[in-house]
Amino acid sequence: MKRFFVLTAAVLLFATQVPAEAAMSAGEIVHRANLASYYGGDDGKAKVKMTITDSQGRKRIREFIILRRDETDGGDQKFYVYFRKPSDVRKMVFMVHKHVNGDDDRWLYLPKLDLVKRIAASDKRTSFVGSNFFYEDVSGRGENEDTHKLVQETDDHYVIENVPKDPATVEFASYKVWIRKKDFMPEKAEYTDKQGRVYRVVEALEIKEIQGIPTVTKSRVRDLNSGGETVSEFTGIRYNIGLKGSIFTERYLRRPPREARR
Amino acid sequence: MRGLRLSALLLAAAVALPQAAAASVRDLQDRLYDVSGIELGGFVETRAGLRTDRDQDEKDASIAEARIQFDLGRDFGWAMTRLKVDLVGDGVEEVAATEVREANLQFSPFEWMDVKAGRQVLTWGTGDLLFINDLFPKDWESFFIGRDDENLKAPSDALKASVFTDTVNLDFVWTPVMNGSRYIDGSRLSYWNGVVGRIAGRDYIFADDERLEFFRDSEFALRASRTVAGVELALYGYYGFWKTPEGMEFTPAPTLYYPRLAVWGASARGQLLGGIANVEAGYYDSREDSGGSDPFVRNSEVRFLAGFEHELGRDFTGAVQYYLEWMQDYSAYEESQNLVGMAAYAKDEYRHLFTLRLTKLLMQQNLRLSLFTYYSPSDHDWYLRPKANYKVTDQWTVEAGANVFGGRDDHTFWGQFEDNTNVYVSVRYGF
């Protein structure tokens, strides 16, 4: 099945080399970019180090291991986040069953109390663990939540402008994304407020090929309003490690799986 | 006095140690891990609190302690071990103590089974600071004087076995010798004493007949759970004892003891209207007073709770719960209370309770403001827990809060603690 996809992709790629290139719609580009940045492999694992720097240069560190499993490519996903640092959150687990249609299911495991807490769906544009990244930056934004327009095309990039369908639910008026033509990896996103000012920039600082899959290994969010920024570094990245669906259940909240422990 | 001096010493150590030794602690952590594979974590903390009212039966200080926690873990691959020890210098009770919070081994003998043996903290059920089917021990004293929330759950010396199948998951917990809750006995917090008919404190601490006999005093707890269409369903069973001494015997002096108890219950939790809803119920079968006519043993009860949590704004969450304790055989209870001349302080047949939780995160989620409120319209009493917690850095945390009790009467559940209202502050260094 996998080979079939690769084959189709290759055929498509060759097909798009010919003049038909311009025919690719903005929606299609966004869909490809979404798959490239959030659905690499069938599952994956990474060790993440977030360095949060505030406007006065004070630093805070978050370290966690993230496990991901795709239920369907481009569809529902499961995430398991096992915290290592700082010490007050050590061994805490944050688990998400992401639903493309409908609210995500989210749990938090507090080891000190042996408490499995189910948490209410929240605004996805709130800070993830106190960093400048939003939940949505970590797990992806629904493709259907914005209208997409191809505003520029360079030799290497598509530039897509996205306007929210429901502006009341988000803090931005629009955002522009620079997507690499060669592998559909988004390299930069600029968020613009209602005054037309860019106030937030998300960038892939480093993209490497891992097991043949283009992967962001270093990224940064800058909040131009507050002057704060967060840099995420990803190490120990592995794809297709055969994560079982059962890992994303209460059992493994109370007993972290081997994949998360080392 | 020795305890006081010791806690002063610990306090001084707690302040001096982190600055002097932060780097070497990290060094030690790394070296320990490299040499032995043991992960070391923990914290150093001082916490102080005062009563807002003078209480003639108690000290003015509600809490004055220094605490160092060492949390050691080793991952063998096939098993994980954990040892968590608190060293405490307690200036109120003037003692220095070692508290082993966890000492356990966790492993999977089969693909479908997990086992955790030893001293451990255990929790299940759906209530938020209300417990129906969670009959694992609590430390109410710590909760009421403003220790960290972690301390509300007291450890159990138990064996937990969990079996996972496609249709249902089973958890079985055997506690060979009963682990009771730490209840309010007067030593630090005052309480309603029915025998003398007034609030009592250090002047009247009941003798307590602990259950200590291996096997005869065992507790058994069982949970069967499965998730159906995103809704977490569970059935519970418990066979053991009331976790606080709900019985009194006269041998010949009044002595508290732990009567037999069996509990059957169920719970459900899932998403509803963009929030989380939960319901839970349990039948408390008081085995030594099945007709309800014994005035000195608590009657059977039906307990119920329903809760709902929803986000109210960015980084702002609200949650409400309704909770009911319905005493069974109420007429037999009334009669029995009459018989011993305690009718004036008799409990209601229905105890209704509401809780409200508000949590707001500010300053890039480093400042957490929270309020938890219990209010009983039937007992006319309440308990408020406001708290502010600020993470100064990844290591340093400061916290301030209060425990505010009040009520119309002296003999109701929260009302009896009115004189214990207190405020506290703490400083913690985590490593």
Side-chain angles (χ1 to χ4, degrees), chain A residues 51-55 58-63 84-91 97 99 102-107 109-132 134 171 223 226 228 230 244 246 249-252 254-258 261-262, chain B residues 39 41-43 71 73 75 77 80 82 84 101 106-108 114 116 120-124 126 128 136 148-153 160 162 164 169 225 227 230 232 269-271 274-276 278 308-311 313-315 317-319 361 363-366 391 393-395 397 428-431:
Chain A
T51 306
I52 307 162
T53 310
D54 69 13
S55 55
R58 288 175 298 203
K59 287 189 183 339
R60 292 170 199 263
I61 307 288
R62 305 280 176 272
E63 271 184 40
R84 303 175 69 94
K85 275 178 188 166
S87 66
D88 63 326
V89 296
R90 184 186 293 134
K91 294 185 179 173
H97 291 179
H99 303 298
D103 285 332
D104 297 348
D105 288 303
R106 313 198 303 167
W107 292 262
Y109 176 66
L110 306 174
K112 290 173 177 179
L113 294 164
D114 187 39
L115 177 66
V116 176
K117 195 171 149 46
R118 198 153 173 178
I119 44 184
S122 79
D123 187 341
K124 288 181 182 167
R125 300 198 64 77
T126 50
S127 156
F128 178 70
V129 298
S131 74
N132 296 96
F134 291 154
E171 88 291 356
D223 180 338
S226 73
T230 300
K244 287 176 295 177
S246 63
T249 60
E250 184 185 326
R251 175 184 190 181
Y252 290 96
R254 295 184 195 266
R255 183 180 80 85
R258 194 173 296 222
R261 274 150 40 201
R262 43 192 69 199
Chain B
E39 277 188 88
F43 61 80
D71 184 359
D75 190 342
M80 287 179 284
R82 190 86 185 267
K84 200 185 206 181
R101 288 194 59 76
Q106 192 174 17
F107 60 101
S108 301
D114 288 348
K116 195 170 183 179
Q120 55 190 300
V121 172
L122 292 158
T123 299
W124 63 39
T126 66
D128 182 10
F136 304 114
D148 188 86
D149 287 353
E150 171 184 8
N151 294 287
L152 169 62
K153 296 295 289 196
K160 180 183 184 186
S162 306
F164 304 90
N169 298 329
S225 60
T227 302
E232 299 164 34
R269 179 167 70 176
Q271 287 198 38
I276 301 295
N278 63 294
F308 184 63
E309 182 184 306
H310 202 280
E311 192 184 47
R314 187 161 293 175
D315 283 332
T317 310
L361 304 178
M363 303 172 74
Q364 200 77 22
Q365 300 185 350
N366 291 311
K391 292 178 190 170
T393 67
D394 281 342
Q395 285 77 39
T397 308
R428 175 181 285 204
Y429 179 88
F431 56 84

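Heavy atoms only: backbone and side chains are in, while hydrogens, waters and symmetry mates are out.
In this structure, chain A has a heavy atom under 4.5 Å from the side chain of B/Gln106, while its backbone stays farther away. At a 4.5 Å heavy-atom cutoff, the contact between A/Arg118 and chain B is made by backbone and side-chain atoms alike. Heavy-atom distances place the side chain of B/Met80, and not its backbone, under 4.5 Å from chain A. Both the backbone and the side chain of A/Asn132 come within contact range of chain B, judged by heavy atoms closer than 4.5 Å. Looking at A/Lys124, neither its backbone nor its side chain comes within 4.5 Å of chain B, counting heavy atoms on both sides. Heavy-atom distances place the backbone of A/Asp104, and not its side chain, under 4.5 Å from chain B. Of the two parts of A/Ser131, only the backbone, made up of N, CA, C and O, holds a non-hydrogen atom closer than 4.5 Å to a non-hydrogen atom of chain B.
Most heavy-atom pairs under 4.5 Å with chain A, from the set B/Gly41, B/Gly430, B/Gly77: that is B/Gly77. When the candidates A/Lys85, A/Arg58, A/Lys91 are compared by the number of heavy-atom contacts under 4.5 Å with chain B, A/Lys91 comes out ahead. Most heavy-atom pairs under 4.5 Å with chain B: of the set A/Arg125, A/Arg255, A/Arg251, this distinction falls to A/Arg251. Each of B/Leu361, B/Asp148, B/Thr126, B/Asp114 has some count of heavy-atom pairs under 4.5 Å with chain A, and the biggest count is that of B/Asp114. Annotation: maximal heavy-atom pairing with chain A below 4.5 Å, among B/Ser162, B/Gly42, B/Gly274, occurs at B/Gly274. By number of non-hydrogen pairs under 4.5 angstrom with chain B, the leading residue of A/Gly102, A/Pro86, A/Gly130 is A/Gly130. The candidate from B/Glu232, B/Met363, B/His310, B/Glu39 with the greatest count of non-hydrogen atom pairs under 4.5 Å with chain A is B/Glu232.
Considering only heavy atoms from C-beta on, A/Asp114 stays 4.5 Å or farther from B/Gln120 through its side chain. Using a 4.5 Å cut-off on side-chain heavy atoms (C-beta onward), B/Arg101 and A/Lys112 make no contact. Here the side chains of B/Gln364 and A/Asp223 are not in contact, with every heavy-atom distance at 4.5 Å or above.
In this structure A/Thr51 satisfies the side chain to side chain contact (heavy atoms under 4.5 Å, CB included) test together with A/Lys49, A/Thr53, A/Lys59, A/Ile61, A/Glu233, sequence neighbours excluded. Residues satisfying the side chain to side chain contact (heavy atoms under 4.5 Å, CB included) criterion with B/Lys391, sequence neighbours excluded, are A/Arg60, A/Asp88, B/Asn366, B/Asn389, B/Thr397.
Counting non-hydrogen atoms of neighbouring residues, nucleotides and ligands closer than 6.0 angstrom, the CZ atom of A/Arg258 reaches no more than 12 such neighbours.
Using modelled atom types and a 3.5 Å distance limit, the side chains of B/Trp124 and A/Glu250 yield no donor-acceptor pair.
A donor-acceptor pair is defined here as one N or O able to donate and one able to accept, closer than 3.5 Å; no such pair exists between the side chain of B/Glu311 and the backbone of A/Ala120. Using modelled atom types, no side-chain atom of B/Thr123 and backbone atom of A/Leu115 make a donor-acceptor pair closer than 3.5 Å.
B/Asn151 contributes atom CG, which lies 9.0 Å from atom CG of A/Leu113 (distance to the nearest 0.5 angstrom). Atom CD1 in A/Ile52 sits 7.5 Å away from atom CG in B/Asp394 (nearest 0.5 Å). Put simply, CG on B/Asn169 and OG1 on A/Thr249 are 7.0 Å apart, with the number rounded to the nearest 0.5 Å.
Salt-bridge formation is detected for the pair B/Glu309/A/Lys117: a Lys NZ or Arg NE/NH1/NH2 atom is positioned less than 4.0 Å from an Asp or Glu carboxylate oxygen.
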